[in-house]
Each structure stands twice: as structure tokens, then as C-alpha cells.
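Single-structure report; data block below.
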Amino acid sequence: MDLDAVRAKYDEEREKRLRADGNEQYIEPVGEFAHYLDDPYVPVAPREPLTDDVEFVFIGGGFAGLVTGARLKEAGIDDVRIIEKGGDFGGTWYWNRYPGAMCDTAAFIYMPLLEETGHMPSRKYTRAPEILEHSQRIGRHYDLYDNAVFSTEVTDLTWDQDAQHWIIRTNRGDQMRAKFVAMGTGPLHRPKLPGIEGIESFAGHSFHTSRWDYDYTGGDPSGAPLSNLANKRVGIIGTGATSVQCIPHLAASAGELFVFQRTPSSIDIRNNEDTDPEWFADLKPGWQQEWLVNFTTLQTGGFTDEDLVKDGWTDISQRIRDRVLANGDFSPEGMTQAYHDSDDEKMEEIRARVDAVVHDEATAEALKPWYRQLCKRPCFHDEYLDSFNRESVHLIDTDGQGVNRIDETGVFVGDEHYELDCLIYASGFEVGTSYERRSGFDAVGRNGQPLSEAWADGMTSLHGVHVHGFPNMFVVGPNQGANLISNVPHNLTERGRTIAAIVRHAVDTNAAEVETTAHAQGEWVAMLESGGRSFGNDPSCTPGYYNNEGKLDDGAGSRNFLGYPDGPVAYFEYIDGWRNSGDFDGLEFR
Ligand code: NDP
């Protein structure tokens, strides 16, 4: 491997893709594009507006709401209502039902509350329908359906200081009151569309992957053939993690498939396997927590005796560790060198795999990723590359420029026009935009201050959970805490535990309000900033949502993605000690 040549190629490919408009290149699904958000799965059930009092309202019915609801119930807080815009629980797994959808993180650590609910994941990497069913299982197990409201979007969230509760208004005319609220509105839930000239003019059928139209394509989420596409010319824009999973299914069914690629994903080996029920039955109580800590330790550079999960995420970390040990150089420079060497080795393997699988040389060349593996979301698949060996599948590589125009009958790449019956947008979800744009409401705290104003210079919180000026409100996500991206639910289950402990304490001590102090919040953020551990934001990477589309953001954006300086495992240990101490240092109970 000529490393200088590889580096030069990385730079060259990155340069091609840099755009002045960054995140602004995408358009919001509003106005004439609002129909791309319509729920194709569950019809909206009519109901009367709610005007009642609830102890705890959780906004969002994905894993964040489910695990927090579960922990609250376990702590004896029964009056919990989850408000969800989808027609059922599941969050991302409610919306993403595209064929082939599956989770890239091993089910034993990704699916929360397995021991509590008694579920055995069927495979190491479970398909989306099983994860949706598991969400429903958690809902049933903890009686979270009883008080839930679905097909409902929060439009206003306002703190009423006199009454010491939150007022929640929705698009269904509700005006509820809640003593406590939590927001688990997810970092990747709002679909975005590529801002391609003429996108509004396409007269064929089109949809976003997170609202898959099975009425049009035929088939179903379990992978039945998309039989209605047999005589269709289908185009798909985007080749990220979503597209990688659905392309094999489209390729098997579509008359012709045109894959419009701007940047190839890295496709590592999947190697899925069924779960052995005897092995599963032998796992000792407490196993899931042990697996969670083991994975997080290994994936974030720590040492353990055994790799329990053994997957693509821990593989790269293992390689780095083995190199460091072999070199005996534990300095920061030695670690960085080991990281680069391991990455070079991994990416060479990934590019060699393309050559080994894809027959046509030019197609294989175009499918090779030229960037470091963690610059973009790594993908794992055993059928994706092979799809390009079918005669009906055409890789339309745009040399980093993307589709440049859409008209009534199809799309243009350069001057070349591709006629299409159906155009699928695998163009991803908003990440770098403001929280209120993504969640659809702006919480208004004490003295009428909107959260967007409190966070004008970026997220500011204690532990990623509490915001000064917003009493009795909790934020549930990875940010300003562990920031563990490879297994997001681990962040959520820990936050759920923390919130349940705080609410229990507030109820036991008859506190009407709980809020972090400005001082504690300031100290927490300063500590995070001094550590400089932030997700993504590496401007030397090829553009994508991992690095704010290649635009260095050293202000608000980078603050949002700050993580605990000593890493996720240390954060989880810290927060466990904090919530168990009973002192709740940094919070005021009034
Ligand atoms: P991504 O944001 O990863 O991908 C969007 C795609 O659209 C990119 O390939 C992008 O190209 C492309 N694109 C944008 N504009 C244009 C254009 N004008 N012309 C051509 N292509 C264009 O979205 P995904 O939905 O694929 O994935 C989002 C995230 O969801 C993942 O990163 C992952 O975190 C999660 N996910 C997880 C899965 C799992 O666990 N298995 C499965 C699916 C998703 P470019 O790369 O050049 O920007």
C-alpha cells in the first residue's frame, strides 16, 4: 500500500465533495413536500382532545420514551403518558420499514430490556420488524399503552410557573398539564430531501425510505418480493446505511434499478447468525448489563479479557489495541499511529472486498470508499455489493457531485437523463439542524425563555439531562453525556434510570420543582469542553452528517455533540454513583 498515494486520494475525493451550502443543501419536508412525512402505516384514529393532568409526560415513543417509561414504572411512578407522532411505539423502528431494514449493532446489546421482558433476539443482527415488535413488547410489559397517545405531535411546551407544571399542546387540540416532561425526540428522526433543482417537478411515484410505500412496490417489511416493481424503472438517490440495506431487495425485484451514488459507503462483512436457544438459556442473570459494559469498553478503546459481542465495531478497536500492545507505545502519538495503521489496513480490506465481489471493473472501482472508516457510518452487508452484478442494476456514479437536476420524467447526472417510473429518496435525516426544527416545538421555560434561546450558542446542560431555567424537564439522548454512537440505546437506558431516580426522590420529598443550577450546568459544560471529546466534527473527513457536511463547526454545533472527557464507560460509572448517592449534586429540589 502506497500510503502517500492513499492520503492524496482521500484528500482529492474529499475536495470534490465539499459544498458551500453544507447542511443547507437539503430541503425540509414542508409545504409542497409535507406529504413525504405522511404516515403510510397506521391511519390516524379520531379522538377527543385531552385536557387532563398527568404526572410525567414523555415526548417521543421510541426507545428513549420506552426505557424511561419502564424505569419510571419500576420506580413506582405510574402516571406516565408517552406522546408519539407515529401510530404506535417504536420511533425509528416504527418509521423505517424499508425492505431489508436491520440493526447493525448486535441485538443482545441494542435491544433494551431483554432480561426484563424475557425476549430472545432471533439473530445476532435482528431485522426491523422484530425490533418494532420488541418496542411493542416493552410497551405492553410496562403498561405504557394504557395512557399513551399516538398520531399526535406536540406543538407547544410551556412552563407555568404559578401552577408549577408544564402545559403541552398538540396538533390534535390537546392541552394537557404535566408535572414532569422529558424529550426523547431523537437525533435522526426528521427525514430530509436533497435540494436538487426541479425535485418538485417529478411526475412519477416517489417516497422517502422512512415512509416506504408497499402499496406501490408490493412486498412487505419482512422481505417478500417487491413484485409490483417487476416492470418498473426505479431510481434510488443515496448510498448510505439505509440504501445499502434496501438495494439488494430492489435489485432482486425491479425491472431496472438505477443507483445514484455521490459517495460510496464502506461495506464490511455482516456474517449474521441465528441465536442458539440453548446458549441463550444459559446466560446468567445480569448478562445484558455485562454485555453492554463489555461492548462499550472495547468499542471505546478500553481493555477486557473477552470480546463478548465480536462485531465490526469492536474489530477495529481490537486491531488498534493489538497494535498498541505490539508497538509498546502508549503515548497519544503512538495511539494515533496505531489508529491510522489499523484504519488503513481495514479500508484496504474493504476495497479489496469490492474487487473480489463485483465483476465489472469500472463498477467495482466506483464502489470503493476513499476515506477513513469512521468518517462515515460504517456499513455491514453480505449481499449489497453482489447486487451490482445483476444486469438490471446500474450504478450511476456521480463522481462526488450527486444528481444535479430532476424533471417530470426522471433525473439528470451531468447532461445524461435517466427516465424513471419511481424515485426513492434514501437521503437521510436531519442532524446538524436546530433542535426545535427537528422536534417541531420550542420548549418555553421560566420567564418565557425559549429553549432555542437558551441554546443559541449550543446545547447547555447538566449531564446532558437538565437545563437551567427549565424545571422538571429532562432531555433523553446521548449528547453531553456518554455520547456513545455505536450503541445509542445504552445512553438511553442509563438516562431512563437517572430520571426515574430523580423523580422518585422529588416525589418522596414532596418537591414541586427540580432544576439544575446555572453554576452546576456551567461547570459541567466547561468540563466537557476542556476534554474536547466531541462526536464527529473532523473537517479532514469526507463530508457527511458525521462532520457537519465538512464544515468545521467550533461553536453551537460542536457543543451539542460534546461527550464526557474520559469516555462513555467513565460517564456511565460517574452517573451511576451520582444517582445512587442520593445527593443529586447540582440539582435543586424545591
Ligand atoms: P445518510 O445520511 O447516511 O445517507 C444519505 C445519502 O444521500 C448519502 O449517500 C448522500 O451522499 C446521498 N445524497 C444526498 N444528496 C444527494 C444528491 N444530490 N445526489 C446523490 N446522492 C445524494 O442516510 P441513511 O438513511 O442512509 O442513514 C442515516 C443513518 O441512520 C445512518 O448513518 C445510521 O446511523 C442510521 N441507520 C442505521 C442502520 C443500521 O443500524 N443498520 C440502517 C440505516 C440507517 P453523500 O454520502 O455524498 O453525502
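In listed order, ligands and their atoms are each counted from 1.
Not counting sequence neighbours, the partners of D274 by the side-chain hydrogen bond (donor to acceptor under 3.5 Å, both in side chains) test are R123.
The ring-ring contact (aromatic ring centres under 6.0 Å, His included) with H208 is formed by just one residue from the set W95, Y26, F429; it is F429. Of the options D382, D104, D386, a salt bridge (Lys or Arg N to Asp or Glu O under 4.0 Å) to R270 is made by D104 and by none of the others.
Between H490 and F572, the two ring planes are parallel [angle under 30°; tilted spans 30° to 60°].
Of the charged side-chain nitrogens involved, at least one lies within less than 4.0 Å of a carboxylate oxygen, so that E13 and K16 count as a salt-bridged pair.
For ligand 1, the protein residues placed under 4.0 Å by at least one non-hydrogen atom are Y26, Y98, M102, C103, D104, L188, P194, I196, I237, G238, T239, G240, A241, T242, Q245, R262, T263, K376, R377, G402, V403, A426, S427, G428, F429, Y545.
Nearest heavy-atom pair, Q480 versus M459, reported as atom, atom and distance to 0.1 Å: NE2-O, 2.8 Å.
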